[in-house]
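A quick write-up on the structure given underneath.
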Amino acid sequence: MLFSIESCVLGKEKLGEIDYLVELLTPKGKIWAVAKGAQKSRRRFLNLLEDLTFLRAHLRRSKKGNLPILEKVDLLFLSERARRDLKTYIFFSYVSEVLSKISYSGLSSDYFEFIKKFIKEIDLYGVPFLAKTYFEQKLLLYLGMALNWESCVKCGRIPNRLAFLNISSGGILCVDCKTERNQPVERPVLELLQNIARLPVCFKNLENLEKSKIFEEKYLKKACEISEISFFFFLPFEIKSLKFLKNLNNGVGDEED
Ligand SMILES: [Zn+2]
C-alpha cells in the first residue's frame, strides 16, 4: 500500500551493501524508511536524501514489523545556501543532529511547521549570531519545556529589579525566593531571552535584536551561554557538531558570506 507524506530528512545510515536507512521528520512524527539501492545509485533519489531537505516522500508499507520502503521522492525545498556556505552547512548539521536525537511522541504539526520556517529563514538570511539560541528556546517551547524568563517560577511575581537564574526549576527567581546558589541575571540578558522567546520565526527581528544598542556583545554572549546550558539541562544529548558550530560562532556580527 502506497502513501505520501511531507517530510524533512534528518539523516541516513548505510543498511547493508546497497540500501540506506533514512530518518524522516513528518508533521505526524518520525519515520524510518528504507531507500533501496540508494548507496549504489544516487541518481535514483536525485541526491535529495541530504540533511534538512524537504520532500514529499512516497512510501510503501511492507509486511508487519518491517520498515516502510521509500519508493520515490519529490523535492519541496532544498537550501542552496547550505550547499555553498560552510557556516550554514555546519549549522544545518547541528540542527539535524539535535532533531534526530529528540524522540518525543507528542510531536505536533506546529513543531514541523516551525522547523520548516526556520530552515527557510536561514536559507534567506544565513545564520545570525542568535540563531542557535533562538532554535534552542523555541525547541524547548514546542517540546513543552519552555523556560520562564518572565516571572518568578516559585511565587509568580515579575521581578522588578533583580532576577536570579534557576534552570533546574525552569527559569528565574525573584529576590525573595532565591537562595545563595542562584546567580543574578543582568537585566539586558534577561530582556534578550524574553525577546527571543517571544519572537515569531523572523530573522529580520532577530537581527534587529543583535544590532540593538541596548544589547552589547557581552549580553548577547551571556544570553547564548544561559540558553545553551538550559537547553542541554533538559535535553542532555551529546552533539558532535556543536564544537564546529561554536568555533564558527566566536565572532559576534561576522558576515556569513
Ligand atoms: Zn518569587
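We count ligands from 1, going down the list as the structure has it; atoms in each ligand are counted the same way. Just so we're clear, the structure is a prediction, and the values are computed from it rather than from any experiment.
Each protein N, O or S atom less than 2.8 Å from the Zn ion (ligand 1) was counted, giving 4.
The number of heavy atoms from other shown groups lying within 6.0 Å of NZ (K222) does not exceed 12.
For the pair D176/R157, a side-chain contact is recorded, criterion being any heavy-atom separation below 4.5 Å from C-beta on.
Taking 4.0 Å as the cut-off between side-chain N and carboxylate O, E6 and K116 count as a salt-bridged pair. Of the charged side-chain nitrogens involved, none lies within less than 4.0 Å of a carboxylate oxygen, so that E225 and K221 do not count as a salt-bridged pair. A salt bridge does not link K36 to E71: none of the charged nitrogens lies less than 4.0 Å from a carboxylate oxygen.
Judged by the 6.0 Å and 45° rule, K120 forms a cation-pi pair with F77.
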